[in-house]
Amino acid sequence: MKRLFGFLILAAFFSMLHAQRVLSLDSCRNMAIANNKSLLIAKERMRKAHYDRKAAFTNFLPDFSATGTYMYFSDEISLLNDGQKSALNHMGTSLQQGLTQAATPIIQHIAQTNPQLAASLQQAIQSGKLDGMSTALNQLGNELTDALRTDTRNMWAGAVTLMQPLYMGGKIRAYHRITKFSEALARTQHDAQLQDLILNTDDAYWTVVSLSYKKKMAESFLDLVNRLDGDVEKMIREGVATKADGLTVKVKVNEAEMLLTKVDNGLALSKMVLCQLCGMDLDTKFTLTDENRELASAETSSLASAERERFMQSRTDLQVSETVPEDAVQRAWTNRPELKSLDWAHKIYEDKVRVVRSEMLPSLALTGGYLVSNPSLLNGFENKFRGMWNVGIMLSVPIFHWNEGIYKVKAAKSEVNIARLQQTEAQEKIELQVNQSLFKNTEAQKRLALSEKNMEKAEENLRYADKGFKEGVVPVTNVMEAQTAWLSAQSDRIDAQIDLKLAQTYLQKAMGTLGPGL
């Protein structure tokens, strides 16, 4: 039971810590950077460009490949036709018949002069002594026919080849540079998205801070008018105030309640926006570091001068730097990722011109390999795997393609001109943007100084109204007006402080120096 009780205490303690989570501006930036999907996509594009560059470098190296094939043919290739095969297979019989036909007129001629010799020759031919020679010749013809058979119905072939580019018109080198520039382009695009994300996070952060301060002021103001409403009710009962005064105060109470409702809704929505940017659940409970200062005491009384003094003196002072760099435009031209991206794009298009031009130039490559086949032709037709080495040089020279290459080169040069003009236009727009940011920064500083003066005036008016109301010489409407004016002045002062911080953030973004920890 004690263990269970201790576990419940620890769980409640950690739940309280989670509920009281305090976030600084840097922590919000870091969470947004870690969880933003667009930024993660940009990182993957950087990784892809890195591997594309490595793949492009392999084009400088020799290319090895191996191929193999098997084919079955319904018929085989024959070096002899059917008549030639039949003649070879029966050449002994044909020779015997030819000799017999040729010997007949000779024997007849011999018989006229030497009948005995003619009879012997006729007997030798008819005795079958030539049959053995005929059989041997027929067998020799069959062997020749079989030897000339190709047996190419089952064919096997394989090859290992090597190709080393020697000159490709500058295409390989230009493509390698393009991939290097593409990697740098992906990096600058990532930096641009990073700065946009930080700017959006800062905007959401300071919006929450502003609304948090205004909520505390609205709560304090509502407490003030509620206390004043109670005091006026007592004064009405005593006859020193009119019902009109009471109705005036009640109207202010309703206005204060409505103001608090609007601020609550705006604060809830702005916190959801910040949660979405930081990758947190929309219902996450947190407190920002810059909203920890109390603007006013909740125990303020409209009639107590000491508490009124504390109410007026408890103001929020955000740390604001008013320094502005003198070389803002030069910094922007040096650091803005957009200009860097356009510069890399311009270089990419220049190398694309070289790639297109290389198609019009000769290409030279060293080749080599080893070829093996079955049947093999190296020693007649053999059903054996036999191979041979080969090495050579391959030259390809474009001759005429109806000026296609010239048109492509001109089109690529137009892309280079477009990139250069875009870069010049971007420089002009960025210079204008930096000057606008400088003007906004100056305006925000002047507005902050003016809000400080208005705040001093509102405090003084509220002090006199409170003193006059206490002495009975100032009506309650004047007190309400002084309280409303003080609340408006304090709200304007907070807005001026946050506007100045945002103006400085936008100036950093315009100069390209906005980043984590800045």
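All values below were derived from every heavy atom in this structure, side-chain atoms included, with hydrogens, water molecules and symmetry-related copies excluded. FYI, the numbering just counts along the sequence from 1.
- Heavy-atom contacts from other residues, nucleotides or ligands closer than 6.0 Å to CZ of Arg447 number more than 12.
- No side-chain donor from either of Ser488 and Ser491 sits under 3.5 Å from a side-chain acceptor of the other.
- Gln508 pairs in a side chain to side chain contact (heavy atoms under 4.5 Å, CB included) with only one of the listed residues (Leu514, Ile198, Asn335), which is Leu514.
- Side-chain atoms of Thr334 and Met511, non-hydrogen and from C-beta on, never get closer than 4.5 Å to each other.
- Of the candidates Lys271, Lys214, Lys215, Asp264 forms a salt bridge (charged side-chain N to carboxylate O under 4.0 Å, His left out) with just one, namely Lys215.
- Counted within 6.0 Å of OH on Tyr175, heavy atoms from surrounding residues, nucleotides or ligands total 12 or fewer; the atom is thus considered open.
- Note that the CE atom of Met217 and the CG atom of Leu222 stand 13.5 Å from one another [nearest 0.5 Å].
- Environment of CZ in Phe57: sparse, with no more than 12 heavy atoms of neighbouring residues, nucleotides or ligands closer than 6.0 Å.
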Decide yes or no on side-chain contact (heavy atoms from CB on, under 4.5 Å) for Met394 and Met163, but give the supporting numbers first.
CA-CA 9 Å; Met394 183 174 64; Met163 179 173 288; 3.5 Å; yes
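- With no hydrogens or angles considered, no side-chain donor-acceptor pair links Thr207 and Ser270 at under 3.5 Å.
- Contact between Cys28 and Leu23 at its shortest, heavy atoms only, is SG-CB, 3.9 Å.
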Test Glu459 against Arg463 for salt bridge (charged side-chain N to carboxylate O under 4.0 Å, His left out), laying out the working first.
CA-CA 6 Å; Glu459 289 176 350; Arg463 188 176 292 108; 5.1 Å; no
Compile the donor-acceptor pairs under 3.5 Å between side chains in residues 246-262 and protein atoms, sequence neighbours left out, one pair per line.
{"unit_1": "Thr248", "atom_1": "OG1", "unit_2": "Ala244", "atom_2": "O", "d": "2.8"}
{"unit_1": "Asn254", "atom_1": "ND2", "unit_2": "Lys250", "atom_2": "O", "d": "3.4"}
{"unit_1": "Thr261", "atom_1": "OG1", "unit_2": "Glu257", "atom_2": "O", "d": "3.0"}

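- Checked by atom type, the side-chain pair Glu183/His50 shows a donor-acceptor distance below 3.5 Å.
- Residues Arg47 and Glu44 form a side-chain contact, since some pair of their non-hydrogen atoms from C-beta on lies under 4.5 Å apart.
- Counted within 6.0 Å of CZ on Arg45, heavy atoms from surrounding residues, nucleotides or ligands total 12 or fewer; the atom is thus considered open.
- Applying the side-chain hydrogen bond (donor to acceptor under 3.5 Å, both in side chains) rule to pairs touching residues 353-365 yields Asp351-Arg354, sequence neighbours excluded.
- With no hydrogens or angles considered, a side-chain donor-acceptor pair links Gln433 and Arg336 at under 3.5 Å.
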